[in-house]
Structure formats: structure tokens, C-alpha cells
Amino acid sequence: MTVDLDAVRLSTAPEPVGPVRQRQLLAPVRRAWRQLTSMRTALLLLFLLALGAVPGGFLPQRSLNPVRVNEYIAQHPSLAPVLDRLSLFDVFAAPWFAAVYLLLFISLTGCLVPRIRLHARALRTPPPRAPGNLSRLPVSARWETDLGPDEALQLARRQLNGWRAIERGGALSAEKGYLRETGNLVFHVSLVVLLVGIAVGAFFGFKGTVLLKEGSAFANTVLAYDDISPGRRFDAGNLVPLNFTLDDFAATYGADGKARTFDAHVRYAPDPDSSLRPYDIRVNSPLHIDAAKVYLLGHGYAPEVVVREKNGEVAFDETVPCLPQDTTFTSACTIKVPDTRGEQLAFEGVFTPTTVQNESGNVASAHPAAQSPALTLIGYRGDLGIDAGVPSSVYSLDRRRLVPVDGGRPKLLGVGETWTLPDGRTVTFAKTTEWATFQVTQDPGKGIALLASVGIVLGLCMSLFVRRRRVWVRAVPAGGEDGSGRTVVEVGGLARTDPDAFAAEFDELVERLRARVPGRE
Amino acid sequence: MTLASLSDQLLFAAVVVYALAMLGFAGASASRRAAAVTGVATRERVLVDAGGPSVTAPAPLVTPAAGWAAPAAMVLTVLGWALHLGSVVTRGMAADRLPWGNMYEFSSVAALVAVTGFLVLVLRGRVDRSLGAFVMLPVVLYLGLAGTVLYTAVGPLVPALNSYWIKIHVAAAVTASGAFLLSGVLASLYLLRSRYDERTDVGRAVRFPVSLGRALPAARALDRAAYGVIAFAFPVWTFAIIAGGIWAEAAWGRYWGWDPKETWSFITWVLYAGYLHARATAGWKGRKAAWVAVAAAVALIVDYYVVNIFVVGLHSYA
């Protein structure tokens with residue numbers, strides 16, 4: 001399953017042999033295991049993994065955007081149920097996807113363990129003996145010198161600085177580039193560690209989102225969140241004690257309406273006993289508190305709406321978060337006024353930060369900044385249906401027992417303007433404030449994942465850029481009648497990867513050797 | 001003239017010079033092909049004449065046009081590269097930031113990396129310059145697409161991109177992308193050449209486009225060049241994904257979330273990992289491995305164009 005087979009090819013280690021009978025009994029198991037840990041199976045699983053991720057890259061995914069999944073299902077009523085049965089809207093949580101990557105990791109582990117053992121042994125074993133005929137190696141050289149064989153070998157050895165060299169039987173065996181296999185193993189082990197880090201995060205992590213209006217505070221309890229996704233083994237007792245207050249949210253935009261900056265000015269307590277400190281949470285700078293991080297996720301407008309009774313008594317005075325509908329922040333607002341004398345009141349409205357009105361009276365927003373904010377309201381009176389104890393969303397209105405006010409005619413209010421309803425009650429758009437959504441995240445696995453990532457990159461670089469190669473030098477007295485006192489020096493080299501680069505290195509090495517162990521003219 | 005419009009004009013000039021270089025390379029390999037045919041004829045004549053009294057001087061193997069077309073194309077490529085580099089640098093100066101903040105800028109830099117990679121390979125003797133026409137054609141098309149469809153006027157970054165991680169993550173991504181695109185071209189040419197060899201070895205006639213293989217370097221050289229480029233780009237791509245994860249952790253609160261861009265980067269990564277393994281596996285070496293490299297390059301293009309333009313996700317900026 002690993003990138004190069006050089007270590008295997010270059011290895012002279014004997015194949016491990018077990019007791020014969022045991023081998024026969026376990027033969028089918030061994031065969032299946034060998035099949036699973038073979039490179040072909042691993043390759044197949046790799047391609048399956050890539051192929052399996054493809055629908056996740058094209059189809060909307062529930063984990064990312066459940067709304068778009070529902071839209072897709074509504075648009076493709078015949079195809080979507082089939083896709084859904086195949087978990088193609090939850091590809092990365094699908095059992096078949098998990099099966100592929102788990103098999104791949106089992107195959108990887110099955111391949112890694114023996115390779116680690118083999119490499120550990122190779123690191124302790126000296127380079128193999130010189131082959132009989134060095135001139136048959138891919139690169140070789142030969143010359144004669146006046147120096148004695150021992151002297152020649154010793155000089156040669158000094159030139160092989162940085163090589164692991166050993167002298168045996170009148171020849172020098174030298175090897176270099178063990179880091180290639182080390183890197184290869186580090187890379188693949190790191191992949192397993194990365195999976196562990198991801199799993200730790202998935203089991204023991206926590207993620208929650210909360211919407212805060214300017215001026216409101218947050219304390220970290222499960223109930224304080226609008227939405228939470230805890231890990232399968234997350235314990236609420238592990239929530240980091242943190243609290244912060246959103247003082248002010250500010251966004252700036254270019255003339256083209258594109259956002260330039262978002263700043264959420266908060267005050268937070270670094271630990272429960274200390275006093276509050278200011279911090280500016282921005283898109284790329286979350287607030288760190290202990291093991292938790294607070295991210296700025298989104299923002300919108302919250303107009304302050306005041307409802308007064310006929311006698312001027314205030315029945316309602318709140319900032320109402322409106323949900324942005326488009327990039328110019330035309331926002332939908334729902335206002336429920338339960339505590340009134342007589343009939344309850346409700347309003348559906350549109351907030352427009354930079355208000356433009358066309359000829360037919362429809363309002364829209366031309367820019368996301370609050371340059372000329374307006375609130376356009378449709379009033380309702382009657383029973384809001386919230387006293388029945390049935391939970392209802394603050395963002396939607398149950399209109400079954402409501403009657404439109406003033407024939408359902410929309411009323412446009414600028415800042416400070418008041419609408420007097422037919423029954424004498426009044427609604428005032430007092431001022432514009434903003435809200436921001438925050439995500440609080442605890443991921444105890446991310447340190448492991450980061451460590452694994454470092455191992456992945458380092459291991460990969462070593463396994464791709466280090467070359468493993470061997471060189472042998474032999475020095476023997478020259479034979480023949482006039483050979484007395486002369487020595488034949490033979491050098492041979494072998495590399496499995498990048499033979500061109502090795503040939504150049506070998507030539508250079510031979511040149512240096514010849515300079516030290518001079519040839520005879 | 002403002003720096004921004006200088007950058008645009010430099011890019012336009014670079015595309016024109018690249019296109020001229022492409023014609024030069026094409027002309028050179030066409031005349032070389034003609035020369036090769038002449039060379040065969042000459043040899044045959046010498047054999048026929050061998051028994052005769054005299055042997056005529058051999059006809060020149062290279063026609064005069066081929067003599068200067070290839071070096072001239074090489075000079076044009078270097079000139080185009082310099083103009084291209086100038087365009088990228090002035091763009092960065094005009095925007096007062098690193099010039100890879102939107103798709104137009106990213107494409108331009110990726111193409112610059114690909115041309116740089118080609119020049120390095122040629123200067124180090126890894127591949128023959130006769131490849132030039134096949135490398136310059138996609139570069140010219142790619143830059144043409146970037147300069148027309150994807151063109152974006154100089155402007156500041158959206159807040160999500162406003163981080164020093166853009167220097168690291170996008171620099172790595174653009175380097176790896178440029179190199180991967182080059183490797184995609186090399187792997188395709190390897191497939192072409194090896195198919196050409198396969199056909200001619202058994203004496204079968206070759207038709208277009210396999211006949212283009214005649215002008216290409218040896219299959220082994222192409223395979224090794226493609227591998228070399230991928231071996232360089234794969235760790236860079238890995239680093240780009242990891243740097244992206246670290247940035248995503250700071251910006252979005254998670255290091256990995258299967259956003260479409262992340263998913264396609266993952267697919268690309270897995271396919272290139274598959275290529276590296278395939279190249280070392282019996283039964284997968286050679287053409288099969290090269291097909292994996294081509295598939296991986298296609299995944300990269302999907303990751304870049306299809307995801308950015310057609311799929312809604314967190315990376316939808318430009």
C-alpha cells in the first residue's frame with residue numbers, strides 16, 4: 001500500500017517462516033488477509049474512495065445545507081428517494097463510505113506493520129555484501145592504482161561520508177537514503193493518526209450556535225444555544241465555562257455592496273472569576289477561551305419596535321432579529337406582541353437597510369449597509385396561539401386565528417415613525433440595531449489531527465525526495481605477470497529510483513575516489 | 001497608465017507571444033517530421049548505392065526552417081514568461097496584496113507556474129523542447145479563458161479571505177495546480193506517444209491524433225517527466241489542503257467539513273495518491289497509471305471551475 005517497493009526489492013532479509021501445520025490451517029485466512037493488504041486491493045479501495053466522494057461533491061449534503069437538500073428532493077420527486085436510500089445526501093456519514101475507508105485503513109495497517117518490522121531490521125542490518133561482478137551493475141567504474149588494497153579501501157571509505165559503510169572480505173558495502181522508507185512509514189502512520197484525531201473530535205467534540213442581539217449576554221450552557229451538535233460521547237459537563245456580551249456589531253461595505261469587514265465587539269471573562277475584557281471577534285480571528293473557540297458566523301438587522309396602548313402605556317419594546325433574504329440584506333421580520341390589553345397583535349414585516357421603492361410600492365434594499373433603513377409591516381390581531389403550550393418558532397406566525405389589520409395593507413415606517421392602528425394602538429420603529437450569530441466549538445481531536453498533518457507532509461517529502469542507493473567498492477591485487485604491487489579498484493552502484501540523478505552522483509563519487517586513490521598512468 | 005491596466009496589457013502581450021511560440025514549436029516539429037521522412041529516404045538511397053562506385057554527400061537531416069524555428073520559439077516562450085510574470089507582479093502592486101485573490105488571478109498564476117515548470121524541465125534536459133506546442137496550446141487557451149470569462153477588475157478582498165493564510169494556502173494551491181496541469185499535459189502526451197509506439201511496433205498504420213505521437217519525445221521520457229512533476233506537486237497539494245484546514249479552523253470553526261471545494265480537493269488528492277501507488281504496482285505501471293494522472297487532472301479542473309462557478313459552497317467568492 002506504500003509508494004515504493006524499493007525497500008522490499010532491496011531487502012535481503014529472509015521471509016518470516018511460521019510452523020508448517022499452523023500455516024496450513026490458517027491458509028484461507030492468510031490468503032484473504034494477503035488479498036486485502038495487497039497493493040492492488042489498496043489501489044482499488046483508493047479509487048472507490050475517490051469515486052464515493054464524487055456524489056458528495058455534486059449533490060447537496062444534509063450536513064452542510066439541509067434546506068438545499070429539501071429543495072432538491074422537491075424538484076426531483078422520482079429520483080431523489082432513490083438517491084436518499086443510497087445515502088447520497090449524507091455521503092460522508094454513509095455506511096458504504098465508512099466501509100470503504102475502514103477497509104482501506106485496515107489494509108493500510110496490515111501492510112504497515114510488517115513494513116515497520118522489516119524497516120526496523122533493515123536499519124540494524126549492515127548493507128549486503130558486494131556482488132561478485134560489480135561491472136554488471138547499472139553504473140560501475142574500474143581503474144588500477146599503486147596503493148595497496150587495504151589503503152585504497154580505507155581512503156575510499158573516508159570519501160563515503162554520510163553513507164552507512166561496512167568493509168567485508170576486501171570490499172566496501174555502502175548504503176544511503178534509509179530516510180525514504182522512514183518517511184514513507186511516517187506518512188502512512190500519520191494517516192492512521194489523522195483518522196484517530198478526526199474520530200476523537202467526532203466523539204468528544206461539541207458545536208453550538210447562538211444568535212445574540214447587540215447588548216445581550218451569553219453564558220455557556222446547553223440550553224443557551226439555538227442549535228447544538230454534540231459528539232456521540234460528549235458530556236455536557238465538559239462545556240467550557242465561558243460568558244460574553246455582544247456590545248456592538250459593525251459591518252463595512254464597499255460601494256459595490258461587497259462586505260469589507262465584520263467586527264463583533266464583545267466583552268468576555270477569560271475565566272469565571274475574572275473581570276470582563278474587550279475582544280473584537282472577526283471572521284478570521286475567533287475568541288479563544290480555554291479549550292473552546294467562539295466564531296463569528298453571521299449577522300443581520302434587529303429593528304427596535306415599540307407598541308403602545310391607546311393610553312400611551314408601552315405593551316412591547318424589543319429589538320426583533322430579522323432574517324436576511326438576499327445579499328443586500330432585505331430581511332424578513334416576525335413580531336409577536338402577546339401582552340396587550342384586548343386582542344393580541346402580530347406583525348409580519350420586511351426590513352430594508354437601504355430602502356428603495358418602485359412605482360407599484362414594493363420595497364427592496366439596494367445596499368447591505370443601513371443608509372436609509374425602513375420597516376414595512378403588515379398587522380394582524382387576534383390569538384397568537386402561543387398560550388396553548390405548543391412550541392412555535394419565533395420566526396413564523398400561526399395565522400389561523402388572526403385577522404389582518406387595515407385590510408392587510410403594508411405600512412412603511414422610517415426610523416422614528418409611528419403607525420397608528422385603526423383601534424388607536426400605535427407601532428413605532430424606534431431605531432436600527434444589529435445581531436450576530438456565534439458558533440462555539442470544542443474539538444479535543446484537532447491537536448492530534450494537526451500533529452498527524454505535520455507527519456504527513458514531512459513523511460511525504462522524505463519518501464518522495466530521498467533516494468535510496470547502494471555503492472560497493474572492491475580493491476584486489478591485480479593478477480597477471482606484471483601486476484605486482486598494483487591494485488584494481490572496482491566501484492559499482494545501484495538505485496531503484498531516479499537512476500539519472502544517481503548516475504550523476506555516482507560519476508561525481510568516482511571522480512572524487514579517483515582523485516584520492518590515484519590511477520596509474 | 002495605471003498599474004492595473006498595465007497588468008492587463010502585459011497579460012495580453014504574454015498570450016500573443018505564447019501563441020507565436022506555439023506556432024514556432026509546431027512549425028519546428030512539422031519540419032522535423034518532414035526531415036525525418038527525408039532522412040529515411042536518404043538512408044535507403046545510400047543502401048541502394050552501397051554497391052556502386054560513389055556515395056553522394058548525405059542530404060542535410062534538418063531543413064533550414066527547423067534550424068531556427070525551435071530556438072526562436074524557445075526565446076519567445078521565455079519572453080512571454082517574462083511578460084506574464086510582469087503582469088502578475090503589477091497586478092499584485094495595483095491591488096496592494098498578493099495577486100491570487102480571485103479566479104482570474106489564480107488562473108493567471110497557475111498558468112505561470114505551468115510555463116515555469118515546462119521551462120525548468122527543458123533547461124534541465126528532462127524533456128525535449130519539441131513538447132512546446134503541446135504545452136503552449138493549453139496555456140494559451142487557459143489564459144484566454146481567464147482573461148475573458150473570469151476577468152475581475154482589481155479590488156480588495158472579501159473579509160473571509162482577509163487573512164495571512166491566503167498567502168500560504170493559496171500560494172501552495174496555485175503552485176500545485178499549475179504543476180498538476182502541466183503533468184496532465186505530459187501524461188496525455190505519454191498516452192499518445194505510447195499508443196503511437198504500440199501501433200508502429202506491430203506495423204499498423206497510424207491516423208490522427210495518434211500520428212501526432214511521431215513528433216513527441218520518447219514515451220519513457222514523458223512518463224518520467226510527468227512523474228517528476230507530480231512527485232513535486234503532490235506534497236505541495238497536501239500542504240495546501242492542510243493549510244486550508246488550519247485556515248478553515250480559524251475562519252469557519254472546523255478544519256474539515258466536506259464543503260464541495262474540500263470534497264473535490266480530497267478526490268484530487270486521493271487520485272494523485274492512487275497514481276503514485278499505481279506507478280509502483282505491477283499491472284498498473286505505464287498507460288493505466290497515466291490514465292489515473294489524467295483523471296486526477298480532470299478532478300482538479302472540476303475542483304476549480306465547476307465547484308467555483310456551479311456549486312454553492314463556502315469557497316464561492318469569485
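Reminder, nothing fancy here: chain letters follow the sequence lines and each chain counts from 1. Everything numeric in this text was worked out from a predicted model, so none of it was measured.
Here B:Val292 is the residue among B:Val292, B:Val236, B:Ile246, B:Thr268 with the most heavy-atom pairs under 4.5 Å with chain A. Contacts with chain B were tallied for A:Val457, A:Leu43, A:Thr441; A:Leu43 has the most, counting heavy-atom pairs under 4.5 Å. Each of B:Gly245, B:Ala250, B:Gly283 has some count of heavy-atom pairs under 4.5 Å with chain A, and the biggest count is that of B:Ala250. Considering only heavy-atom pairs separated by less than 4.5 Å from chain B, the leading option among A:Val283, A:Asn284, A:Thr252 is A:Asn284. Contact count against chain B (heavy-atom pairs under 4.5 Å) is highest for A:Gly57 among A:Gly201, A:Gly57, A:Pro286. With chain B as partner, the option from A:Asp256, A:Leu296, A:Ile198 having the largest number of non-hydrogen pairs under 4.5 angstrom is A:Ile198.
Residue A:Gln439 touches chain B through its side chain alone, counting heavy-atom pairs closer than 4.5 Å. Proximity to chain B involves both the backbone and the side chain of A:Val54, based on heavy atoms less than 4.5 angstrom apart. Within the 4.5 angstrom heavy-atom criterion, only side-chain atoms of A:Leu450, from C-beta onward, approach chain B. For chain A, no part of B:Trp256 is nearby; none of its heavy atoms comes within less than 4.5 Å. For B:Arg126, the part lying near chain A is the side chain, with the backbone staying farther off; criterion is any non-hydrogen pair under 4.5 Å. When heavy atoms are compared at a cutoff of 4.5 Å, A:Ala449 approaches chain B solely by way of its side chain, counted from C-beta outward. Heavy atoms closer than 4.5 Å to chain B are found in both the backbone and the side chain of A:Lys446.
Rounded to the nearest 0.5 angstrom, A:Leu179 CG and A:Arg467 CZ are separated by 13.0 Å. Separation of atoms CZ (A:Phe262) and CZ (A:Arg282) is listed at 13.0 Å; rounding is to 0.5 Å. Distance check, rounded to the nearest 0.5 Å: NE2 of A:His188 to SG of A:Cys111 gives 7.5 Å.
Between B:Phe180 and B:Phe234, the distance separating the two ring centers is not shorter than 6.0 angstrom. When ring centroids are compared, B:Tyr304 and B:Trp264 stay outside the 6.0 Å threshold. When ring centroids are compared, B:Tyr151 and B:Tyr104 come within the 6.0 Å threshold.
Within 6.0 Å of CH2 in B:Trp165 there are more than 12 heavy atoms belonging to other residues, nucleotides or ligands.
The residues B:Asp223 and B:Arg279 are annotated as salt-bridged, a charged nitrogen and a carboxylate oxygen being separated by less than 4.0 angstrom. A salt bridge does not link A:Glu181 to A:Arg468: none of the charged side-chain nitrogens sits closer than 4.0 Å to a carboxylate oxygen.
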